[in-house]
Student: 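Supplied in structure tokens, the structure appears directly below.
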There are 2 protein chains.
Amino acid sequence: MDQTVICPRFEKAMSILSQRWTGLVIYQLLPGPKRFCTLESSMGISGRVLSDRLKELENQGIVKRDVYPETPVRIEYSLTDKGLALEPLMKELETWSQNWVKVEDNE
Amino acid sequence: MDQTVICPRFEKAMSILSQRWTGLVIYQLLPGPKRFCTLESSMGISGRVLSDRLKELENQGIVKRDVYPETPVRIEYSLTDKGLALEPLMKELETWSQNWVKVEDNE
DNA sequence: ATTAGTCAGTTACTTTATGTAAGTAATTAT
DNA sequence: ATAATTACTTACATAAAGTAACTGACTAAT
């Protein structure tokens with residue numbers, strides 16, 4: 001008996017963003033393409049999970065993976081239009097965090 | 001060697017929203033106060049996790065818990081100003097999901 | 001030419017988070 | 001007296017994430 005029925009598109013969108021790390025990965029890619037090892041070291045994510053997340057985001061059409069067959073091979077991850085369309089949301093989160101989030105206190 | 005240093009407030013904000021269910025709980029409370037059992041049945045969350053999430057959101061000052069000592073006791077959860085300030089972000093997610101998210105396909 | 005190092009991952013194993021189902025205490029309805 | 005509701009908690013099982021070592025292709029240093 002759910003009085004509030006949630007739009008399935010919204011629910012899916014939320015489920016993508018509420019997986020650990022996905023939001024931060026997208027945020028990191030906003031300024032431009034990045035490599036696996038760069039993402040891995042700039043956020044505290046493990047390679048195992050980063051690998052999973054990038055695959056999922058690629059499946060969702062949010063991230064694209066480009067292989068440059070140089071030597072050594074260079075693989076760059078970047079946002080698609082769908083991914084870039086999340087920029088306003090990220091800006092909102094930045095604003096909210098600046099206005100409301102305190103870091104020191106509560107664990 | 002992190003070239004992109006992330007603002008700790010932003011990182012904390014993201015860690016709140018990227019916990020499973022927190023976003024949906026906030027979204028459900030946007031229109032007004034709701035009770036435990038209403039939240040529990042309207043989203044597919046288990047009581048165990050809902051209980052955890054509400055406590056965390058209360059600690060973060062995003063949700064407040066009001067006890068009405070009627071008989072039977074009524075307990076209502078609602079958003080604080082900090083929680084209500086997430087409305088624009090939720091609207092952005094609604095917009096994005098309507099423009100970009102397809103539900104049928106990919107698992 | 002052997003050793004060490006980087007990149008983009010994968011694999012095996014451990015810890016943490018979440019789900020499931022049942023239980024509790026107070027109350028009310030039949 | 002029995003069943004049902006609300007707001008949870010507890011015990012146990014499964015799924016997700018973290019840790020660390022490893023692979024394979026290459027490069028640079030000794």
Student: Hey, where on DNA chain D does chain B first and last touch, going 5' to 3'? Cut-off is any atom under 4.0 Å from a heavy atom.
Tutor: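 That gives a stretch of D/dT6 to D/dA11.
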Student: Any chance you could measure B/T95, atom OG1, to A/L86, atom CG, to the nearest 0.5 Å?
Tutor: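 Taking OG1 in B/T95 and CG in A/L86, the distance rounds to 11.0 Å.
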Student: Could I get the full list of salt bridge (Lys or Arg N to Asp or Glu O under 4.0 Å) partners for A/R53, not counting sequence neighbours?
Tutor: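 In terms of salt bridge (Lys or Arg N to Asp or Glu O under 4.0 Å), with neighbours along the sequence ignored, A/R53 is linked to A/E56.
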Student: Output the rounded distance in Å from CG (A/D66) to P (C/dA8).
Tutor: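 Rounded to the whole Å, the gap is 13 Å.
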Student: Got B/L54 and B/F36 here, is their nearest side-chain heavy-atom distance under 4.5 Å?
Tutor: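 Side-chain contact under 4.5 Å: yes.
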Student: Hey, what are the protein-to-nucleotides 28-30 of chain C N/O distances that come in under 3.5 Å?
Tutor:
{"unit_1": "C/dT28", "atom_1": "OP1", "unit_2": "B/T71", "atom_2": "OG1", "d": "2.7"}

Student: Can you tell me how far P of C/dG9 sits from CD of A/E76, to the nearest Å?
Tutor: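 To the nearest whole Å, that distance equals 12 Å.
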Student: What residues, two or more places apart in sequence or in another chain, satisfy salt bridge (Lys or Arg N to Asp or Glu O under 4.0 Å) together with A/K91?
Tutor: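 Here the qualifying residues are A/E94.
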Student: Whole-Å distance between C/dT27 P and B/I75 CD1?
Tutor: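 One finds 13 Å between P of C/dT27 and CD1 of B/I75, rounded.
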Student: Any side-chain heavy atom of B/L29 within less than 4.5 Å of one from B/L57?
Tutor: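 Of all side-chain heavy-atom pairs linking B/L57 with B/L29, none is under 4.5 Å.
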Student: Any side-chain N or O of A/K55 below 4.0 angstrom from OP1/OP2 of C/dA8?
Tutor: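 The answer is no; no side-chain N or O of A/K55 sits under 4.0 Å from OP1 or OP2.
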Student: Report the distance from atom CG of A/L54 to atom P of C/dG9, rounded to the nearest whole Å.
Tutor: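 It works out to 8 Å between those atoms.
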Student: Over how many whole Å does the gap from A/R74 atom CZ to C/dT6 atom C1' extend?
Tutor: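 The answer, rounded to whole Å, is 15 Å.
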Student: OH/B/Y27 to CD/A/E11 distance, rounded to the nearest 0.5 angstrom?
Tutor: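 B/Y27 OH to A/E11 CD: 10.0 Å, rounded to 0.5 Å.
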Student: Determine whether A/Y68 and A/Y77 fall in the same hydrophobic cluster, where Ile, Leu, Val, Met, Phe, Trp and Tyr are linked whenever their side-chain heavy atoms lie under 4.5 Å apart.
Tutor: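 Per the 4.5 Å side-chain linkage, A/Y68 and A/Y77 are not co-clustered.
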Student: Can you give one letter per nucleotide of nucleotides 11-26 of chain C, 5' to 3': B if a protein heavy atom sits under 4.0 Å from the base, S if only from the sugar-phosphate, - if neither?
Tutor: BB-----BBB------
Student: Drop me the distance from A/Q60's CD to A/K82's NZ, to the nearest 0.5 angstrom.
Tutor: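 Answer rounded to 0.5 Å: 5.5 Å.
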Student: Can a side-chain donor-acceptor contact be found between A/S42 and A/Q28 if the only test is distance below 3.5 angstrom?
Tutor: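 Yes, a side-chain donor-acceptor pair sits under 3.5 Å.
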Student: Side-chain contact, heavy-atom cut-off 4.5 Å: A/L17 with A/L89?
Tutor: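 A side-chain contact under 4.5 Å exists here.
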Student: Please list all pairs passing the salt bridge (Lys or Arg N to Asp or Glu O under 4.0 Å) test where one or both residues lie in residues 58-71 of chain A, with sequence neighbours left out.
Tutor: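 For residues 58-71 of chain A, and leaving out neighbouring residues, the salt bridge (Lys or Arg N to Asp or Glu O under 4.0 Å) pairs sorted by first residue read A/E70-A/R74.
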Student: Check the distance between C/dC7's P and A/L39's CG and give it to me in whole angstrom.
Tutor: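 Whole-Å distance recorded here is 13 Å.
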